[in-house]
Amino acid sequence: MSASPSGTSRTRSWWGWGYTDAHPDDAECVALGALLPGTPARPLPLPRVADLSIGRPGVRPPTALAHLLTADPDVRAAHAMGKAYRDIIRALRGRPGRIPDLVARPTDDREVADLLDWAGGRGVAVIPFGGGSSVVGGVEYRGDTHRAVLSLDLTSMDRVLEVDTVSRSARIQSGALGPVLEAQLRPHGLTLRHFPQSFEFSTLGGWLATRAGGHYATGRTHIDDFVQSLSVVTPAGPCTSWRLPASGAGPSPDRLFLGSEGALGIITEAWMRLQERPRHKASASVTFADFQQALEAVRAIAQADLSPANCRLLDPGEALLSGASHDGSSVLVLGFESAASPVDGRLASALELARAHGGRGGRDSRDPGSRGGTPAADGEDPADTAVSAWRSAFLRMPYLRDGLARMGAVVETFETAATWDRVPALIDAVRTEVGSVASKATGHPATVNCRLTHVYPDGAAPYFTVAVAGRPNDEVRIWDDIKAAASDVLHRYRATITHHHAVGRDHRPGYDLQRPDPFALALRAAKDALDPRHVLNPGVLIS
């Protein structure tokens, strides 16, 4: 059980996304399956922990640490995997992989250090765990070189320890889930303003360790942009950087741990830059008959220094899926916000650019009052039907993905980023080549949709959704084929293997190709120095 932002107790799903009471029921699963030719008539049954083979722990903790650890089967199962499609279908098929022997919930840095000392001495792999929302295999153990596996759950370290209203920053423990963090900042009139789709089910430490991207389309899009300093516990000792607004003193120590995915140390605290809560908001949607013209419109807006909070372009398939459009149009969702001044002028300028590139409509809506700070509120206004439809679909999408998985469908989502000169050809190649691989692997027609989630003056971040009816008990292999095909296209177009979902284990082949060889040598040396027994998240980033 866990408390939702409204304060009510809801049960988190051990195998799927979010809360169990929000999962599609059998009838909705069947309706979803009808969208993909070739799916079966009935959904797979909901998996039960009782049906899993969960053995006794392979290691016994010392008495001094026993109060921090549990071997409860339900807790262990809930910490065995993340929430990628690969994880969901394995759970539905009763094959979740290596289940951790123990789950630890430390409450401070000293306890984290004691657990690492014990694990290192006993050859126990330590897998850092926040909200468990990883979609790249970042929170599971793969292999057999360690005698036991410990899942290190940081969510008991969830307090905002200090708030500096003068410098507008706060010292926050890394285990704070998004709603827990924002609830503690709200009385100060401040917000971190970082709202990924997983906001409700992910932690500050997870965002930092994966260099997570937030909901906002321009400006400060990644968690990196908000970091003043980090505190990290490593097997080699604690590491805390100075709290500074900026520094030119050599390579940044924070940059070593941002994106390190728990392979070099456990991020336990961070000083984070905050912002005042927005009071002025305006939004609109624009439709385009031609997707290429829509891309040009988005590039013009991104290069006009207007800094929209939301600049989300949906291709016709994505617009249809979200309910934002039903006539084959692409839809551009625009939103602006500010804590200091009205934003109507910036919205009007963006609409003018969109219309100059063939955009239609663009009735704008305004709300000068603050409605809080959640991804469902900032940068959009529900008065616009398309904006409202997209927002609802955005938050519901992971649940629908799980419903399709119960119907045996294979669903893969992946994102990337490339410079504007390569974006159009990259999108075409993904649609053609990945769609072809999915169809050949299954014998069924595949759907490949695209949306732009983040835009920059020099490029954009396309986000793709692939859906196809699978074959019973062969879903993971098909998913692997789709992932390999997508990675090959991204590498060929020199597009990043991930824009905001981290590397984990699923993106390792693409990451190994993307990073320069001398950097890989330096990363291995850092691993050897900070984690000499190689117990921290083995297989992530480096081997």
Side-chain angles (χ1 to χ4, degrees), residues 5 157-196 199-200 202-232 240-249 252-255 257-259 267-282 305-310 335-343 346 367-380 454 456 500:
M157 300 172 64
D158 65 353
R159 291 178 297 145
V160 174
L161 300 171
E162 296 181 59
V163 176
D164 177 355
T165 56
V166 175
S167 305
R168 215 165 60 183
S169 54
R171 181 165 68 99
I172 308 169
Q173 290 182 305
S174 65
L177 291 160
V180 173
L181 184 159
E182 286 293 330
Q184 294 177 76
L185 295 177
R186 188 169 291 110
H188 302 277
L190 298 171
T191 176
L192 180 59
R193 196 184 178 270
H194 184 78
F195 300 112
F199 170 76
E200 196 172 2
S202 55
T203 63
L204 173 63
W207 302 339
L208 296 166
T210 62
R211 296 184 65 194
H215 168 71
Y216 294 96
T218 66
R220 294 178 174 178
T221 61
H222 277 75
I223 196 66
D224 314 30
D225 302 319
F226 301 101
V227 175
Q228 273 189 336
S229 73
L230 297 179
S231 292
V232 185
T240 300
S241 60
W242 285 18
R243 179 188 168 210
L244 296 166
S247 174
S252 166
D254 295 335
R255 287 287 173 182
F257 295 105
L258 286 168
I267 299 171
T268 57
E269 293 180 11
W271 273 98
M272 304 298 295
R273 300 181 177 95
L274 307 177
Q275 301 176 58
E276 292 183 27
R277 305 183 77 79
R279 292 186 291 272
H280 305 275
K281 302 177 185 179
D305 199 27
L306 295 172
S307 300
N310 198 0
F336 290 82
E337 66 176 35
S338 172
S341 58
V343 294
R346 284 192 284 150
D367 177 12
S370 176
R371 293 191 307 274
T374 70
D378 288 324
E380 306 135 19
H454 301 74
Y456 307 93
H500 59 262

Handout entry: Under 3.5 Å side-chain donor-acceptor pair for Arg346 and Ser338
Key = no
Practice task
Quick one: list whatever passes ring pair (Phe, Tyr, Trp, His ring centres under 6.0 Å) with His454, sequence neighbours left out.
Solution key: His499, His500
Completion exercise
Taken to the nearest 0.5 Å, the spacing of Asp164 CG from His188 NE2 works out to 11.0 Å
Problem - Point-to-point distance, once rounded to the nearest 0.5 Å, from CD1 of Ile172 to CE of Met157 - result: 13.0 Å
Completion exercise
In terms of heavy-atom contacts, Ala249 and Ser247 come closest through N-OG, 3.1 Å
Practice task
Nearest 0.5 Å please: distance from the CH2 atom of Trp207 over to the OG atom of Ser174.
Solution key: 11.5 Å
Practice task
For the residue pair Leu204 and Ile267, establish whether any side-chain heavy-atom pair is separated by less than 4.5 Å.
Solution key: no
Exercise for the section: Go through the steps to decide whether Arg277 and Glu182 satisfy the test side-chain contact (heavy atoms from CB on, under 4.5 Å), and finish with yes or no. Expected result: CA-CA 11 Å; Arg277 305 183 77 79; Glu182 286 293 330; 3.5 Å; yes
Problem - OG1 on Thr203 to CG on Leu181, rounded to 0.5 Å - result: 10.0 Å
Exercise for the section: Please determine if Arg193 forms a cation-pi arrangement with Phe226, meaning its NZ or CZ atom is less than 6.0 Å from the six-membered ring centre and no more than 45° off the ring axis. Expected result: no
Practice task
For Gln228 and Arg273, test the side chains for any donor-to-acceptor distance below 3.5 angstrom and give the result as yes or no.
Solution key: no
Practice task
Could you name each residue pair satisfying salt bridge (Lys or Arg N to Asp or Glu O under 4.0 Å) that touches residues 210-223, not counting sequence neighbours?
Solution key: Arg211-Asp224
Fill in the blank from the handout: Heavy atoms of Gln184 and Asp158 approach each other most closely as NE2-O, 3.0 Å
Exercise for the section: Keeping the roles fixed (side chain from Arg171, backbone from Trp271), state whether a donor-acceptor pair exists under 3.5 Å. Expected result: no
Completion exercise
Nearest heavy-atom contact between Tyr216 and Thr221 is O-CG2, 3.5 Å
Practice task
Assess whether side-chain contact (heavy atoms from CB on, under 4.5 Å) is satisfied between Glu276 and Arg168, documenting all intermediate values.
Solution key: CA-CA 8 Å; Glu276 292 183 27; Arg168 215 165 60 183; 3.9 Å; yes
Practice task
Give a yes or no answer on whether the side chain of Ser167 reaches the backbone of Ser169 with a donor-acceptor pair at less than 3.5 Å.
Solution key: no
Problem - Heavy-atom closest contact (Gly213 atom, Pro196 atom, distance) - result: O-CB, 3.5 Å
Exercise for the section: Check step by step if side-chain contact (heavy atoms from CB on, under 4.5 Å) holds for Leu274 and Leu192. Expected result: CA-CA 5 Å; Leu274 307 177; Leu192 180 59; 4.2 Å; yes
Exercise for the section: Check whether any side-chain heavy atom of Phe199 lies under 4.5 Å from a side-chain heavy atom of His215, and answer yes or no. Expected result: no
Fill in the blank from the handout: Taken in chain and number order and not counting sequence neighbours, the residues that satisfy side-chain hydrogen bond (donor to acceptor under 3.5 Å, both in side chains) with Ser229 are none
Practice task
Go through the steps for Glu337 and Val343 under the test side-chain contact (heavy atoms from CB on, under 4.5 Å), then give the verdict.
Solution key: CA-CA 6 Å; Glu337 66 176 35; Val343 294; 5.5 Å; no
Handout entry: Residue among Asp254, Ile223, Val232 satisfying side chain to side chain contact (heavy atoms under 4.5 Å, CB included) with Leu208
Key = Ile223
